[in-house]
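Worksheet for the structure shown next.
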Amino acid sequence: MLTPQEKLQLEEKVVAMLKTVFDPEIPVDIYSLGLVYGIDIDDDANLKIDMTLTAPNCPAADFIIDDARIKLESIEGIKSVDISLVFEPVWDKDMMSDEAKLDLGFM
């Protein structure tokens with residue numbers, strides 16, 4: 001059973017790893033784009049991610065999800081990874097971090 005501190009450390013590692021996953025068409029990571037809606041680590045170190053895409057018909061969807069899953073499964077201490085693709089709420093550019101908006105010329 002994970003302590004609150006261990007959960008926090010794992011969540012920090014998850015966020016750092018998500019920042020290495022990119023949509024091949026956009027030079028900004030999926031976390032900074034605001035595509036990750038939820039990160040949940042249960043007491044047994046099972047990770048559940050709710051995420052979306054910039055568009056429902058994103059041609060790179062499989063690549064992005066597979067890349068995220070492979071990277072997240074490599075985190076020491078994570079037992080399993082479940083990535084759910086959700087489209088509610090619909091993503092828009094206001095969900096991006098200020099840094100991402102700046103990188104993409106929206107600021």
Side-chain angles (χ1 to χ4, degrees):
M1 186 157 218
L2 295 174
T3 67
Q5 182 64 30
E6 289 170 326
K7 272 190 187 181
L8 183 61
Q9 289 171 340
L10 277 178
E11 189 169 324
E12 289 170 354
K13 290 178 184 177
V14 166
V15 169
M17 194 62 78
L18 288 169
K19 288 183 175 185
T20 71
V21 178
F22 289 80
D23 179 325
E25 297 176 344
I26 304 171
V28 176
D29 67 87
I30 65 171
Y31 190 83
S32 296
L33 280 172
L35 299 179
V36 177
Y37 288 171
I39 298 170
D40 183 54
I41 302 169
D42 70 16
D43 291 339
D44 295 320
N46 298 300
L47 171 64
K48 183 172 179 2
I49 300 278
D50 287 337
M51 66 170 287
T52 194
L53 301 168
T54 54
N57 58 351
C58 176
D62 290 342
F63 170 81
I64 295 168
I65 292 168
D66 288 345
D67 189 35
R69 180 176 289 110
I70 290 165
K71 288 178 175 179
L72 293 169
E73 286 173 345
S74 76
I75 298 172
E76 190 174 331
I78 294 291
K79 202 178 282 183
S80 70
V81 176
D82 176 26
I83 299 176
S84 295
L85 197 54
V86 298
F87 292 101
E88 292 291 325
V90 175
W91 179 87
D92 71 38
K93 69 181 193 302
D94 291 336
M95 296 173 170
M96 291 190 288
S97 69
D98 287 344
E99 184 179 329
K101 289 177 187 172
L102 196 59
D103 287 348
L104 296 174
F106 292 123
M107 286 181 74

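This one's a predicted model, so the numbers in the text were calculated from it and none came from an experiment.
Atom CD1 in I26 sits 7.5 Å away from atom CD1 in I64 (nearest 0.5 Å). Summarising the geometry, atom CG belonging to L2 is positioned 7.5 Å from atom CG belonging to D44; distances are rounded to the nearest 0.5 Å. Residue C58 holds its SG atom at 8.5 Å from CG of L35, rounded to the nearest 0.5 Å. Once rounded to the nearest 0.5 Å, the distance linking CG of D62 with CG of D67 reads 12.0 Å. The CD1 atom of I39 sits 7.5 Å away from the CG atom of L47 when rounded to the nearest 0.5 Å. D103 contributes atom CG, which lies 12.5 Å from atom NZ of K101 (distance to the nearest 0.5 angstrom).
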Side-chain donor-acceptor pairs under 3.5 Å in residues 11-20, sequence neighbours left out?
residue	atom	partner	partner atom	Å
T20	OG1	M17	O	2.6
T20	OG1	K71	NZ	3.4

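Annotation for K7 and I41: closest pair CE-O, 3.3 Å, computed over non-hydrogen atoms. Here the closest non-hydrogen pair linking I83 and L72 is CD1-CD1, 4.3 Å. Here the closest heavy-atom approach between residue V21 and residue A68 is recorded as CG2-CA, 3.8 Å. Here the shortest heavy-atom pairing between L10 and G77 reads CD1-O, 4.1 Å.
One N or O on the side chain of T52 and one on the backbone of V86 form a donor-acceptor pair closer than 3.5 Å.
At least one side-chain heavy atom of M96 sits less than 4.5 Å from a side-chain heavy atom of W91. No side-chain heavy atom of L102 sits under 4.5 Å from any side-chain heavy atom of S97.
Cluster membership check: L53 does not share its hydrophobic cluster with V90, using side-chain heavy-atom separations under 4.5 Å among Ile, Leu, Val, Met, Phe, Trp and Tyr. Under a hydrophobic-cluster definition in which Ile, Leu, Val, Met, Phe, Trp and Tyr are linked whenever side-chain heavy atoms come within less than 4.5 Å, directly or via other members, F22 and I70 are assigned to different clusters. Under a hydrophobic clustering in which Ile, Leu, Val, Met, Phe, Trp and Tyr are joined whenever their side-chain heavy atoms come within less than 4.5 Å, directly or via other members, M1 and L8 fall into different clusters.
Among residues at least two apart or in separate chains, there is no salt bridge (Lys or Arg N to Asp or Glu O under 4.0 Å) pair with a member in residues 86-99.
For the side chain to side chain donor-acceptor pair (under 3.5 Å) test, residues two or more places apart in sequence or in another chain that qualify with D42 are N46.
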